[in-house]
Amino acid sequence: MHTRRDFIKTSIAAGAGIAAAPTSTSLIAASPLPAVKRNLKLGFDNFSIRALGWKAPRLLEYASSLVVDTILFSDLDVYESHDDAYLKDIRQQASDLGLEIQAGTGGICGSSTAFNDKYGDATTHLKLAIRVAKAVGSDVVRCYQGRMEDRTTPGGLPARIDDTVKTLQGVRSEALDAGLKIAVENHAGDMQAWMLAELIERAGPDFVGATLDSGNATWTLEDPQTNLEILAPYAVCTGIRDSMLWKAGNGVAVQWMAVGEGLTDWHAYMDAYATLCPNAPVQLEIISGFARSFNVDTDDFWPPYRDIRAVEYSRWLSMANRGYRVPPFTPAEGEDRQLATQQYQMAELERSVRYSKDVLGLGLK
């Protein structure tokens with residue numbers, strides 16, 4: 001039987017000689033260093049400010065006010081219509097503002113616990129997303145397979161990967177005709193980077209790429225740097241945020257953070273990024289304010305995680321050993337929760353944009 005004790009023993013052996021990554025330059029812990037200009041496009045995912053409920057026109061205006069290069073519309077509900085005329089107007093508005101649009105949608109695995117049939121079955125859904133992406137001038141369709149809960153479904157992640165590959169291959173001609181790549185994300189703790197890389201190779205890297213998500217990596221017991229190194233050859237889209245990890249209870253707690261306020265060594269990360277995937281925009285997807293616990297110190301945790309590799313796990317534990325607890329977001333007593341959440345999300349994103357520009361030297365503008 002594969003137990004926690006056996007796994008940790010293997011992890012320690014595999015991780016021997018791996019130095020702990022240096023702590024990032026943090027807005028909290030240190031003064032920002034002068035930016036080294038990196039010629040990387042900078043933008044954000046509209047999910048970063050989801051509480052505002054803004055549609056595409058307002059989001060484009062806001063992106064322009066932040067002086068970024070790109071914006072990722074990561075869902076189909078951001079558009080007030082999917083008619084070609086409306087989508088053409090969105091494309092023109094973006095062009096007038098000097099912005100590039102990357103388009104996307106949600107889950108494309110019909111057997112995943114995360115799948116929503118609002119737009120039909122998985123193939124119909126993905127074909128719609130391709131049409132929308134082409135109409136707004138996007139060279140990608142960001143999407144995802146599922147979430148960590150899929151590990152306990154019949155067949156686990158391997159079965160969900162099989163179904164996702166079938167969906168992708170069913171729209172190959174549409175994607176190639178549209179001149180875009182379907183960018184599958186490592187999402188909500190579903191696949192580690194190596195698993196997503198294998199999915200892309202199986203489906204066909206001529207029309208399938210990766211949405212590289214640094215935050216989601218930490219939900220798969222993987223450190224962001226390893227995630228980057230594995231997925232960079234496939235990266236055409238991203239979801240970038242920081243993470244704080246700390247030892248808690250029966251394992252490790254993970255809380256996503258604004259960029260520069262967690263444990264990621266962003267200078268090392270962006271140096272590698274600029275070398276390995278310089279054409280993929282850095283899309284900030286800031287999700288923060290709450291922690292998720294992973295009870296890795298219990299044997300019951302491990303059966304759905306038998307595919308986790310020792311080297312990735314040991315580096316993830318190294319992060320947790322360097323981290324500390326951060327409090328969750330809580331509105332002040334008597335404060336309107338919806339308004340407080342909106343203000344919180346905007347502040348988290350805008351602070352991340354400033355750090356990305358001033359400290360990391362990101363953005364072309």
Would you say Leu42 and Val67 are hydrophobically clustered, going by side-chain heavy atoms of ILVMFWY under 4.5 Å?
no
Can Arg315 and Glu312 be counted as an ion pair, charged N to O under 4.0 angstrom?
no
Exam field: side chain Asp213 to backbone Glu185, donor-acceptor pair closer than 3.5 Å:
no
Shortest non-hydrogen contact from Leu212 toward Ala232:
CD1-N, 4.1 Å
Do Leu360 and Tyr355 have side-chain heavy atoms sitting under 4.5 Å apart?
yes
Can a donor-acceptor pair be found between the side chains of Ser111 and Arg160 at a distance below 3.5 Å?
yes
Do Asp223 and Ser318 have side chains that get closer than 4.5 Å, going by heavy atoms?
no
With side chain to side chain contact (heavy atoms under 4.5 Å, CB included) as the criterion, how do Thr220 and Met195 come out once you've worked through the C-alpha distance, each side chain's angles and the decisive distance to 0.1 Å?
CA-CA 11 Å; Thr220 63; Met195 301 174 75; over 6 Å; no
Using the rule given for side chain to side chain contact (heavy atoms under 4.5 Å, CB included), can you reason through Arg151 versus Arg306, listing the C-alpha separation, both sets of side-chain angles and the distance that settles it, and then say yes or no?
CA-CA 10 Å; Arg151 290 178 172 275; Arg306 284 190 285 272; over 6 Å; no
Does Val326 reach the side chain of Trp246, with side-chain heavy atoms less than 4.5 Å apart?
yes
Ser81 versus Leu87, closest heavy-atom pair with distance
O-CD2, 3.8 Å
To the nearest 0.5 angstrom, please state how far the CD atom of Glu80 sits from the CZ atom of Arg58.
12.5 Å
Does Ile49 belong to the same Ile/Leu/Val/Met/Phe/Trp/Tyr cluster as Leu97, with side-chain heavy atoms less than 4.5 Å apart forming each link?
yes
Of the non-hydrogen atoms in Ile286 and Ser48, which two are nearest, and what is the gap between them?
N-OG, 2.9 Å
Can you see whether Ser112 engages Arg147 through a side-chain donor-acceptor pair at a distance of less than 3.5 angstrom?
no
Quick one: pull up CG in Leu317 and CG in Leu245 and give me the separation to the nearest 0.5 Å.
9.0 Å
Any sub-3.5 Å donor-acceptor pair from Thr167's side-chain atoms to Thr123's backbone N or O?
no
Is it true that Tyr144 and Trp219 fall in one hydrophobic cluster, defined by side-chain heavy atoms closer than 4.5 Å?
no
Side chains of Pro224 and Met319: does their closest heavy-atom pair fall under 4.5 Å?
yes
Looking at Glu149, is its backbone amide N or carbonyl O close enough to the side chain of Thr153 to form a donor-acceptor pair, meaning the two atoms are under 3.5 Å apart?
no
Could you go step by step and tell me if Leu52 and Tyr62 meet the side chain to side chain contact (heavy atoms under 4.5 Å, CB included) rule?
CA-CA 12 Å; Leu52 283 95; Tyr62 179 64; over 6 Å; no
Contact summary for Trp54 and Leu59, nearest pair of heavy atoms:
O-CD1, 3.5 Å
Near Lys365 NZ, under 6.0 Å, is it more than 12 heavy atoms from other residues, nucleotides or ligands?
yes
Same cluster (ILVMFWY, side-chain, under 4.5 Å), Ile287 and Tyr344:
no
Backbone N/O of His82 and side chain of Arg131: donor-acceptor pair under 3.5 Å
yes
Could you tell me if the side chain of Phe301 sits less than 4.5 Å from the side chain of Asn250, heavy atoms only?
no
Side chain of Thr264, backbone of Trp266: donor and acceptor closer than 3.5 Å?
no
Check: Thr113 main-chain N/O paired with Asp150 side-chain donor or acceptor under 3.5 Å:
yes
Quick check: closest heavy atoms across Cys109 and Thr164, and the distance to 0.1 Å?
CB-OG1, 3.3 Å
Same cluster for Leu66 and Met346 if Ile/Leu/Val/Met/Phe/Trp/Tyr side chains link at under 4.5 Å?
yes
Are a donor atom and an acceptor atom from the side chains of Tyr305 and Gln192 found within less than 3.5 Å of each other?
no
Output the distance between atom CG (Leu168) and atom CD1 (Ile108), rounded to the nearest 0.5 Å.
4.0 Å
For Asn216, the option from His187, Glu285, Glu222, Arg241 that meets side-chain hydrogen bond (donor to acceptor under 3.5 Å, both in side chains)
Arg241
Is a side-chain donor or acceptor of Thr218 paired with a backbone partner of Ser214 at a separation under 3.5 angstrom?
no
CD of Gln338 to CD of Gln343, rounded to nearest 0.5 Å, is 10.5 Å
Verdict with supporting geometry, Arg142 and Asp45, salt bridge (Lys or Arg N to Asp or Glu O under 4.0 Å)
CA-CA 11 Å; Arg142 169 268 182 191; Asp45 184 335; 5.0 Å; no
Is the shortest heavy-atom distance from the side chain of Ile90 to the side chain of Phe73 under 4.5 Å?
yes
Main chain of Thr298, side chain of Asn295: is a donor-acceptor contact present, judged purely on distance under 3.5 Å?
no
Any ion pair linking Lys134 and Asp177 (charged N to carboxylate O, less than 4.0 Å)?
no
Return the CG to OG1 distance between Leu157 and Thr152, rounded to the nearest 0.5 Å.
9.5 Å
Taking 4.0 angstrom as the limit, do Asp83 and Lys88 come out as a salt bridge?
no
Compare all side-chain heavy atoms of Asp139 with those of Lys181 and state whether any distance is below 4.5 angstrom.
no
Pairwise distance OG(Ser95) to CG(Leu60) - rounded to 0.5 angstrom:
11.0 Å
Using modelled atom types only, decide if a donor and an acceptor are shared between the side chain of Thr211 and the backbone of Ala183 within a distance under 3.5 Å.
yes
Would you kindly say whether Asp75 and Asn46 are connected by a side-chain donor-acceptor distance under 3.5 Å?
yes
For Ala197 and Tyr234, work out which heavy atoms get closest and say how close.
CB-CE1, 3.7 Å
Evaluate the criterion side chain to side chain contact (heavy atoms under 4.5 Å, CB included) for residue pair Met270 and Val282; output intermediate values, then yes/no.
CA-CA 10 Å; Met270 288 303 169; Val282 178; 4.0 Å; yes
Does either side chain, that of Tyr269 or that of Asn227, offer a donor lying less than 3.5 Å from an acceptor on the other one?
no
So, Gln102 side chain and Val236 main chain: donor-acceptor pair closer than 3.5 Å or not?
yes
Report yes if some heavy atom in the side chain of Leu196 is under 4.5 Å from a heavy atom in the side chain of Gln145; otherwise report no.
no
Centres of the Trp256 and Phe47 rings: under 6.0 Å?
no
With no hydrogens and no angle check, do the side chains of Gln93 and Asp89 hold a donor and an acceptor under 3.5 Å apart?
no
